[in-house]
Amino acid sequence: MKKSASPRKSPKKNTRKGKSARRPWFWRLFLRVFFIGVVLLAGWMVYLDAVVTSRFEGRRFEVPSRVYARPLELYDGASVSSGALQRELELSGYRAGDGSQAGTYRRNGGHFIISTRGFLFTDGLEPRRRLSLNIYSDQVQDFRVLSGDPSPIVRLAPAQIGGIYPAHKEDRVLVQLANVPELFTDTLLAVEDRNFHDHVGIAPLSIGRAMLANIRAGQIVQGGSTLTQQLVKNFFLTRDQTLLRKGNEALMSLLLELHYEKNDILETYVNEVYVGQAGTRAIHGFGLASQFYFGESIRDLQAHQIALLVGLVKGPSYYNPRRHPERALSRRNLVIDVMAETNLISEEDAARARAQPLGVTNQASYSENRYPAYIDLVRRHLARDYKQEDLQSEGLRIFTTLNPAIQYAAEFAVKDMLGRMEGRSDTTLESAMVVTSRDSGEVLALVGGRDPKYAGFNRAVDASRPIGSLVKPFVYLAALQNPDRYTLITPVEDKGFSLVFDDGRRWEPENYDKEQRGEVPLHKALSQSYNLPTVRVGLDVGIGAVKSTLQGFGVPGGISEYPSMLLGSVSMTPVTVAQIYQGLATSGFNTPLRTIRQVTDAQGEALSRYSLKVDQVADPAAVHLVQYVMQETMQEGTGRSAYRTVPRELSLAGKTGTTDDGRDSWFAGFSGDLLAVTWVGRDDNGPTSLTGATGALPVWSRFMSQVPQHGFSPVVPDGVEYLWVNPGEVALTEEHCDNARLVPFITGSEPDMEVSCGGNIERRIRGWFEGLFQ
């Protein structure tokens with residue numbers, strides 16, 4: 001029996017031995033797993049460290065280029081209407097108010113009180129001022145600086161008219177921590193991370209403290225994540241609520257704090273935080289937010305404005321002050337309570353801040369697509385000197401030549417007149433307009449279609465269409481540069497003919513009205529836009545000479561040398577037409593059109609200046625003769641209907657253009673200040689019932705009638721003299737004679753023959769008296 005007991009004990013000994021035998025195996029496995037985990041974690045930390053440092057030590061942000069209109073200068077005598085001034089103020093984000101706070105204005109009829117904002121131009125800071133002025137007859141009068149540095153001329157900060165944004169549609173204005181008000185950063189830390197200067201990137205105690213604060217307030221007033229964690233989440237991670245993402249957030253926060261100073265992290269946060277949306281663009285950073293919501297620099301914000309911006313961090317969409325003002329007001333006042341509780345402001349200041357309205361502008365003070373056609377041309381001009389990626393990331397400031405008042409007038413004229421024309425037919429019309437400064441070639445306005453907000457096909461730049469009779473001044477200019485052969489009274493034959501080409505094809509040009517008039521003076525052939533004399537003159541001087549003239553004035557690329565080119569079969573865009581007519585307006589100087597005055601970096605240092613360049617390409621004397629006929633066109637020729645809209649005392653010069661079946665209606669002309677080119681037609685190149693005089697000219701005239709300007713009064717160049725002639729007789733005559741006309745001649749080209757009107761005593765006496773009192 002005893003022997004049988006021993007086998008029962010042996011299994012217990014075997015069981016203990018089995019457990020002790022398994023423990024080393026378990027611990028070995030555990031240690032191996034632990035070791036592998038440590039190695040993997042270390043590798044992952046190395047990877048995260050590389051991600052954190054590479055982003056922080058490289059370029060942290062892509063900052064868009066900002067495009068500005070030209071600054072409006074105010075002084076006694078400045079030309080601006082009351083309506084245009086108010087529109088320009090609103091375009092720049094000014095608010096109607098008492099005119100005492102920066103960025104506000106008060107208007108009473110033509111009297112304005114304006115409190116300007118400061119702006120850093122490349123030639124210095126334009127400080128804040130408070131202005132008083134009156135506007136009478138579209139001119140500034142009684143201009144005074146009520147407060148601020150006195151100055152006879154004050155520049156308003158230019159309106160931002162667009163931007164060139166990164167591909168991921170983020171927008172921001174970088175600010176340095178030193179330029180952020182201390183009250184702002186203190187409020188931000190009081191609300192978002194009170195322990196910021198003490199924790200190491202993560203703060204478990206802050207989570208507990210936030211929970212208690214939220215329980216006491218009955219709602220979420222304080223977050224648990226540190227600013228460092230928020231920055232890591234926005235900068236490196238997605239918004240997924242997963243343990244892996246939270247783990248990465250904690251590790252990267254520790255690494256960020258390990259490598260970088262607190263102020264560096266805080267400054268990056270201030271520039272990175274998401275605070276709103278403008279269409280497709282995400283608004284990041286408080287530097288831009290202060291402009292986006294208040295039109296103010298962050299340096300100038302008041303306590304209630306600071307509270308609103310800080311409050312928006314919690315939910316920019318939910319607390320959007322433009323869409324949900326009650327929510328935003330409640331959130332702002334909660335932040336003001338925190339400011340008072342933490343002694344950042346006194347209770348009295350808090351009460352005043354709570355009493356303030358939200359004070360946000362009705363809309364952002366700038367838009368990405370305010371003038372898409374004009375911005376399109378700016379981008380093309382910039383492409384000559386800058387890479388696209390630099391424009392999208394370097395925060396450049398681009399100062400353009402756009403004049404908002406003239407742009408408004410151009411857009412209005414196109415929309416208004418096309419609507420009237422379509423009311424008389426079932427044709428859908430399109431249009432384009434280019435307006436430049438006559439002297440400088442600066443593009444002041446550009447309309448790419450009847451919908452100026454449409455950012456698609458830009459007809460002013462891309463619609464290349466036959467220009468019709470707009471080519472004729474250049475045909476006659478080529479001829480008049482040969483004064484021994486052509487003057488303004490040289491008879492030219494208005495009679496049909498045909499050309500037979502080598503391949504047997506026949507071309508028989510004809511006048512628009514199908515009439516033939518025999519011989520007519522050259523000036524009349526041009527002012528009345530007769531086709532037959534034009535082709536005869538062009539063939540006589542040579543198609544090559546006309547082609548060279550056009551290219552000298554700025555036509556890019558090749559031009560066919562078919563005779564039909566003499567009647568405008570050559571195609572150009574409205575911008576190209578404006579370019580070549582600029583040369584006619586400036587007496588034969590090719591002045592490249594400009595949309596940019598200057599480009600600076602983000603700190604305001606000048607990078608590029610686009611100064612005026614001119615190149616004389618034609619004899620000023622011959623151009624003066626063409627200008628004379630273009631003025632005659634407006635007084636007696638195909639452009640005379642303009643004076644149904646434009647004041648008769650405004651001297652103008654211009655030319656109509658029409659292509660077959662009215663497919664293209666053109667007008668190009670200028671005053672003493674402005675040159676404008678208008679095209680009207682159909683996108684499908686279909687026929688219309690319009691000519692240059694009935695389509696483009698009414699749009700052009702409507703525009704010219706809205707803009708204050710001076711008449712065209714050209715200086716007579718050396719080598720030109722005005723003489724009384726009888727064009728029909730091709731002879732000099734006396735001023736008082738019938739058919740007498742005062743015509744310019746290049747010296748030496750005047751007629752040799754003289755005729756007298758003899759017996760008209762009444763005209764002789766009247767002429768004598770008129771001469772006596774001149």
Side-chain angles (χ1 to χ4, degrees), residues 95 97-98 100-104 175 177 179-197 206-207 209-227 230 266 269-271 273-276 283-362 364:
R95 304 187 302 275
D98 58 7
S100 59
Q101 293 185 356
T104 66
V175 293
L177 202 57
N179 294 327
V180 179
E182 189 175 347
L183 179 60
F184 196 113
T185 52
D186 288 345
T187 302
L188 177 65
L189 296 181
V191 174
E192 294 294 329
D193 189 357
R194 297 187 185 184
N195 204 31
F196 174 74
H197 289 291
S206 294
I207 297 175
R209 191 161 44 243
M211 290 178 62
L212 291 175
N214 294 338
I215 292 171
R216 282 199 295 267
Q219 54 184 311
I220 304 297
V221 296
Q222 192 171 326
S225 297
T226 66
L227 281 189
Q230 293 181 39
L266 182 57
Y269 180 93
V270 165
N271 285 300
V273 64
Y274 172 72
V275 282
I283 305 300
H284 284 260
F286 292 116
L288 179 59
S290 61
Q291 296 181 11
F292 182 70
Y293 289 110
F294 303 114
E296 294 282 359
S297 165
I298 193 171
R299 293 171 300 187
D300 301 318
L301 295 182
Q302 300 177 45
H304 68 285
Q305 295 170 317
I306 290 173
L308 178 59
L309 292 190
V310 170
L312 283 175
V313 173
K314 185 170 181 293
S317 299
Y318 187 80
Y319 295 110
N320 185 325
R322 294 193 178 100
R323 293 184 179 177
H324 309 293
E326 293 183 359
R327 291 179 191 169
L329 189 67
S330 176
R331 174 67 182 165
R332 185 202 70 174
N333 289 344
L334 270 177
V335 175
I336 292 174
D337 291 344
V338 173
M339 296 167 79
E341 291 167 9
T342 52
N343 297 318
L344 296 178
I345 57 176
S346 67
E347 190 52 48
E348 291 76 15
D349 290 339
R352 278 194 292 271
R354 291 188 201 97
Q356 294 287 333
L358 285 175
V360 296
T361 57
N362 293 332

Novice: State the CD1-CG distance between Ile298 and Leu301, to the nearest 0.5 angstrom.
Specialist: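 If I round to the nearest 0.5 Å, the distance is 6.0 Å.
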Novice: Taking Gly311's backbone N and O only, do any of them form a donor-acceptor pair with Arg331's side chain (distance below 3.5 Å, no angle check)?
Specialist: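 Yes, Arg331 side chain to Gly311 backbone: donor-acceptor pair under 3.5 Å.
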Novice: Whether the side chain of Arg327 engages the backbone of Pro321 through a donor-acceptor N/O pair (distance < 3.5 Å, no angle test) should be reported.
Specialist: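 Between the backbone of Pro321 and the side chain of Arg327 there is no qualifying donor-acceptor contact (under 3.5 Å).
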Novice: How many angstroms lie between atom CE of Met339 and atom CG of Asp337, to the nearest 0.5 angstrom?
Specialist: 10.5 Å
Novice: Please table the atom pairs, donor to acceptor, closer than 3.5 Å between any side-chain atom in residues 183-191 and protein atoms at least two apart or in another chain.
Specialist:
unit_1	atom_1	unit_2	atom_2	d
Thr185	OG1	Glu182	O	3.0
Thr187	OG1	Leu183	O	2.7

Novice: Keeping Thr342 on the side-chain end and Val338 on the backbone end, is there a donor-acceptor pair under 3.5 Å?
Specialist: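 Judged by distance alone, yes, a pair lies under 3.5 Å.
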Novice: By side chain to side chain contact (heavy atoms under 4.5 Å, CB included), which residues pair with Glu348, not counting sequence neighbours?
Specialist: Ser346, Arg352
Novice: Could you pull out all residues at least two apart from Asn343 that satisfy side chain to side chain contact (heavy atoms under 4.5 Å, CB included)?
Specialist: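 Listed in chain order: nothing, the list is empty.
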Novice: As an exercise, state the distance from CG of Leu309 to OH of Tyr293, rounded to the nearest 0.5 Å.
Specialist: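 Spacing of CG (Leu309) from OH (Tyr293) equals 8.0 Å.
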Novice: With a 3.5 Å distance limit and no angle check, can you tell me whether Asn271 reaches the backbone of Val175 through a side-chain donor-acceptor pair?
Specialist: yes
Novice: Could you tell me the separation between the OH atom of Tyr269 and the OG1 atom of Thr226, rounded to the nearest 0.5 Å?
Specialist: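 Here the interatomic distance stands at 9.5 Å.
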Novice: Ignoring hydrogens and geometry, is there a side-chain-to-backbone donor-acceptor pair from Asp193 to Leu227 under 3.5 Å?
Specialist: yes
Novice: Taking all non-hydrogen atoms of both residues into account, name the closest pair between Thr104 and Ser100 and its distance.
Specialist: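 Of all heavy-atom pairs spanning Thr104 and Ser100, the closest is OG1-N, 3.6 Å.
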Novice: Rounded to the nearest 0.5 Å, what's the gap from CG on Leu329 to OH on Tyr319? Could you check?
Specialist: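 OH of Tyr319 is found 12.5 Å from CG of Leu329.
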Novice: Passes side chain to side chain contact (heavy atoms under 4.5 Å, CB included), Thr361 versus Phe294? Steps please.
Specialist: CA-CA 6 Å; Thr361 57; Phe294 303 114; 5.7 Å; no
Novice: If you take all heavy atoms of Ser290 and Ser297, which pair is closest and at what distance?
Specialist: OG-C, 3.8 Å
Novice: Partners of Asn320 by side chain to side chain contact (heavy atoms under 4.5 Å, CB included), sequence neighbours excluded?
Specialist: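 Result, side chain to side chain contact (heavy atoms under 4.5 Å, CB included) vs Asn320: Arg322, Arg323, His324.
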Novice: Is a donor from one side chain sitting under 3.5 angstrom from an acceptor on the other, for Gln230 and Glu192?
Specialist: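 Per modelled atom types, Gln230 and Glu192 side chains form a pair under 3.5 Å.
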Novice: How about Phe286 and Val275: do any of their side-chain heavy atoms sit closer than 4.5 Å?
Specialist: yes
Novice: For Glu347, enumerate each residue passing the salt bridge (charged side-chain N to carboxylate O under 4.0 Å, His left out) test, keeping only those at least two apart in sequence or located in another chain.
Specialist: Arg354
Novice: Could you pull out all residues at least two apart from Gln356 that satisfy side chain to side chain contact (heavy atoms under 4.5 Å, CB included)?
Specialist: His304, Arg332
Novice: Rounded to the nearest 0.5 Å, what's the gap from CD on Gln302 to CG on Leu308? Could you check?
Specialist: 13.0 Å
Novice: Of all the heavy-atom pairs spanning Ala307 and Ile336, show the shortest one and how long it is.
Specialist: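 Minimum heavy-atom contact is CB-CG1, 3.6 Å.
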